[in-house]
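First comes the structure, then the notes that go with it.
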Amino acid sequence: MKTELASIISSALDQILDDSSTIDIHIERPKTLEHGDYSTNIALQLTKILKKNPREIAQLIIEKVGLDPSIDRLEIAGPGFINFYLSSAGKSSIIKSIFSQSTKYGHNLTGKNQKLQVEFVSANPTGPLHIGHGRGAAIGDSLARIMQANGWDVTREFYYNDAGQQINNLALSVQSRIKGIEPDDANFPEDGYRGEYILEIADAYSNLKTVEVDEEVVKANGNPDDIENIKRFSVAFLRNEQNIDLAAFQTTFDVFTLESAFYQNKDVEKVLDLLEKNGFSYKKDDATWLKTTEFGDDKDRVMIKSDGSYTYFVPDVAYHLNKWERGFVRVINEQGADHHSTITRVRAGLQGLNLGIPKDWPDYVLHQMVTVTKNNQEVKISKRAGSYVTLRDLIDEVGSDATRYFLLARKPDSQLIFDIDLAKSQTNDNPVYYIQYAHARICAVLNQANVKPEDLKNFDEALLTSTHEHQLIKRLSEFPEIISLSASESSPHYIATFLKDLAADFHSYYNANKFLSDDKALQNARLALIGATKIVIKNGLQLLGISAPEKM
RNA sequence: CUGCCCGUAGCUCAACUGGAUAGAGCAACGGCCUUCUAAGCCGUAGGUUACAGGUUCGAUUCCUGUCGGGCAGGCCA
């Protein structure tokens, strides 16, 4: 509809201007219904060219416009905006397309079925997932759903570090607990993990438990001196816990990738060789450096330490080369903002390969930190000290739906405060219930009216004339634009805000009208409208990974 | 010291990427259930958009500077 209106205006401009091809026609969605279903500021933009006042220009344009059947009328308002008002036919075509497209209403084909990967969470298996991972999980998962709705062929991927120093620390920590060394003991590893979960792993290990995760089976042999077995068991144990929590958070992955894979298949060496061959690495102080300064960094970075081991971003580059070779034309990495310094390094490494990878590939979505408050006090998150709020706690106490909504309702790059008491104590006042309640209410009415979906497709649109109805229809028609906006801005919060507004429109409408009525034609028209509303609420909640209950 | 993110109602956050009277939810106050779910609705109150300049028909949005908060700047990840 937006593009149709733009072309209507464009052809009107052709009759006014010598050359209208350079003019960018912007069709907007006014905030209030008083300003129409659509509007354009074109007359304001043309004041300089035409040297006339904008309302005069708007008048000129309107006189040249050929009316579309979907449009009832045009009005000039304010300083010179042209506002479009939908006709009954325009309104009914929106409702009808919601029914005909059903679960696909609002979706588009922008991605042309091209391969896109969303990498998210990617937590190291050194502890349970905390609320920060929860934000990453909610945003990454929702973005994957949104990109799918925009026509991309999406792969969801989780990358984890199963080698390196922190895994050794993990194994040593578990080993200490197996041997009865307490975290505050002087003999406990200095960089060890001190949380209670370490003891759980130690007990499971001592009891010869078996853990199965990602199609790998690891059995504990109980030997406190077999550090390799402890390491493998601990990683498997924590990976399993993370997967259970993520599943309870409605978050799934298509692919799990291990850092160790890139050592085993020699991709890391391949990357290092290529960087050396292309002249982007050099040796200094017994270490090997990457010239990241040639790609915008403020200093060069070490790739191979003087002890021969690699720094973390070397396998990262190998991993991203692997993503490129797998044919992902787009990659979105969802990470915490505390890792933002990796962006320059990974991109620099990829550029240094000279393989034609675009400079700004991959994309990054960084979410800012989550501050947790409880009893009006900040809960410090410290994995080593073991004091932090786990994702599991939140799912148990607040629920998956509400937790996801809280974490998604804000744009990723603003910090957010998660007040546990508020989320817990006000469970019934939670915004997500407001939206779900609208859905449940509609289901109740449709059930009692005992109508089948087919019955709703033929309705008399001329009966839907109230302001509430117009407002609701306008809102429903915005959903496709919201889905593309969320994708282009990589932010699910637009969906969350939209749903809240849509639910508000519906609740107002519901309170102002009776839906079950002896006037069957009127009843049918109204039920068609709320039936369409139900579909859109459900589609929107689906994009956020939140359930749409039929009863509450 | 340098880079990135942020600063909007008492609190938590929006604002269609430069548009019309800056909007919601909590919290406060006043109304609405013998009728389809009151987890709801209607109304009142709440603002120098951190501050100072600049760009233009027009700025919460873009530019510069200042102040304040967060995160980074390891041969840690």
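Within every chain, numbering begins at 1; the chains are lettered A, B, ... in the order of the sequence lines, protein sequences first and strands thereafter.
No aromatic stack links Tyr434(A) and the base of rG40(B), using centre distance under 5.5 Å and interplanar angle under 30°.
One finds no salt bridge joining Lys474(A) and Asp37(A) here, because no Lys/Arg side-chain nitrogen approaches an Asp/Glu carboxylate oxygen to under 4.0 Å. Salt bridge Asp421(A)/Lys374(A): absent, no basic N to carboxylate O contact under 4.0 Å.
Pairing for rU21(B) is absent, judged as Watson-Crick or G-U wobble with the two contacts each under 3.5 Å. In this structure, rC1(B) forms a base pair with rG73(B), meeting either the Watson-Crick or the G-U wobble geometry with both donor-acceptor distances under 3.5 Å. In a base pair of the Watson-Crick type (N1 to N3 plus N6-O4 or O6-N4) or a G-U wobble (N1-O2 and O6-N3), with each distance short of 3.5 Å, rC33(B) is matched with no nucleotide. Figure legend. rG46(B) is base-paired to no nucleotide; pairs are counted as Watson-Crick or G-U wobble with both atom distances under 3.5 Å.
Look at the C1' atom in both rA9(B) and rC26(B): the space between them is 12 Å, to the nearest Å. The separation of rC63(B) from rU55(B), taken at their P atoms, amounts to 16 Å, rounded to a whole angstrom. Here the separation of rG25(B) from rA45(B), taken at their P atoms, is 15 Å to the nearest Å. Straight-line distance between the C1' atoms of rU61(B) and rU17(B): roughly 7 Å, to the nearest whole Å. Using atom P as the reference point in both rC5(B) and rG65(B), the two lie 14 Å apart (nearest Å). Distance check on atom C1': rA52(B) versus rC42(B) gives 43 Å, rounded to whole Å. Taking atom P in both rU56(B) and rC71(B), one finds a spacing of 39 Å when rounded to whole Å. Between rC67(B) and rC29(B), the two C1' atoms lie 37 Å apart (nearest whole Å).
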Identify each donor-acceptor pair in which a side-chain atom of residues 308-316 of chain A lies under 3.5 Å from a protein atom, sequence neighbours left out, and give them as a table.
unit_1: Ser309(A); atom_1: OG; unit_2: Asp307(A); atom_2: OD1; d: 2.7
unit_1: Ser309(A); atom_1: OG; unit_2: Asp307(A); atom_2: OD2; d: 3.4
unit_1: Thr311(A); atom_1: OG1; unit_2: Val302(A); atom_2: O; d: 2.8
unit_1: Thr311(A); atom_1: OG1; unit_2: Met303(A); atom_2: O; d: 3.4
unit_1: Tyr312(A); atom_1: OH; unit_2: Arg345(A); atom_2: NH1; d: 3.1

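Between the side chains of Asp297(A) and Thr292(A), at least one donor-acceptor pair of N or O atoms lies under 3.5 Å. A donor-acceptor contact under 3.5 angstrom links the side chains of Lys323(A) and Asn333(A), judged on distance only. In summary, the side chains of Glu550(A) and His439(A) do not present any donor paired with an acceptor at a separation below 3.5 Å, with no hydrogens or angles considered.
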Should Asn169(A) and Asp191(A) be marked as a side chain to side chain donor-acceptor pair (under 3.5 Å) after you check the CA-CA gap, both sets of side-chain angles, and the distance that decides it? CA-CA 7 Å; Asn169(A) 288 341; Asp191(A) 294 328; 4.8 Å; no
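Between Phe506(A) atom CZ and rA24(B) atom P the separation is 19 Å, expressed in whole Å.
With sequence neighbours left out, the ring-ring contact (aromatic ring centres under 6.0 Å, His included) criterion links Tyr38(A) to no other residue. In this structure Phe418(A) satisfies the ring-ring contact (aromatic ring centres under 6.0 Å, His included) test together with Phe406(A), sequence neighbours excluded.
Contacts of Phe313(A) with the nucleic acid, taken as non-hydrogen atoms under 4.0 Å apart, are absent. As judged by a 4.0 angstrom heavy-atom cut-off over every strand, Asn83(A) is placed among the base-contacting residues. In this structure, Gln415(A) reaches the bases: a heavy-atom distance under 4.0 Å links it to at least one base atom across the strands shown. Nucleic acid contact class of Ile343(A) (heavy atoms, under 4.0 Å, all strands): none.
Annotated as anti: rU60(B), whose O4'-C1'-N torsion sits more than 90° from 0. Glycosidic conformation of rC33(B): syn, with the torsion inside 90° of 0.
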At a cut-off of 3.5 Å, list every protein nitrogen or oxygen paired with a nitrogen or oxygen from nucleotides 54-61 of chain B, distance to 0.1 Å.
unit_1: rC57(B); atom_1: OP1; unit_2: Lys48(A); atom_2: NZ; d: 3.2

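Taken residue by residue, residues 485-496 of chain A places heavy atoms nearer than 4.0 Å to RNA chain B at Glu489(A), His493(A), Tyr494(A). Within residues 515-525 of chain A, the residues that place at least one heavy atom under 4.0 Å from RNA chain B are, in residue-number order, Phe515(A), Leu516(A).
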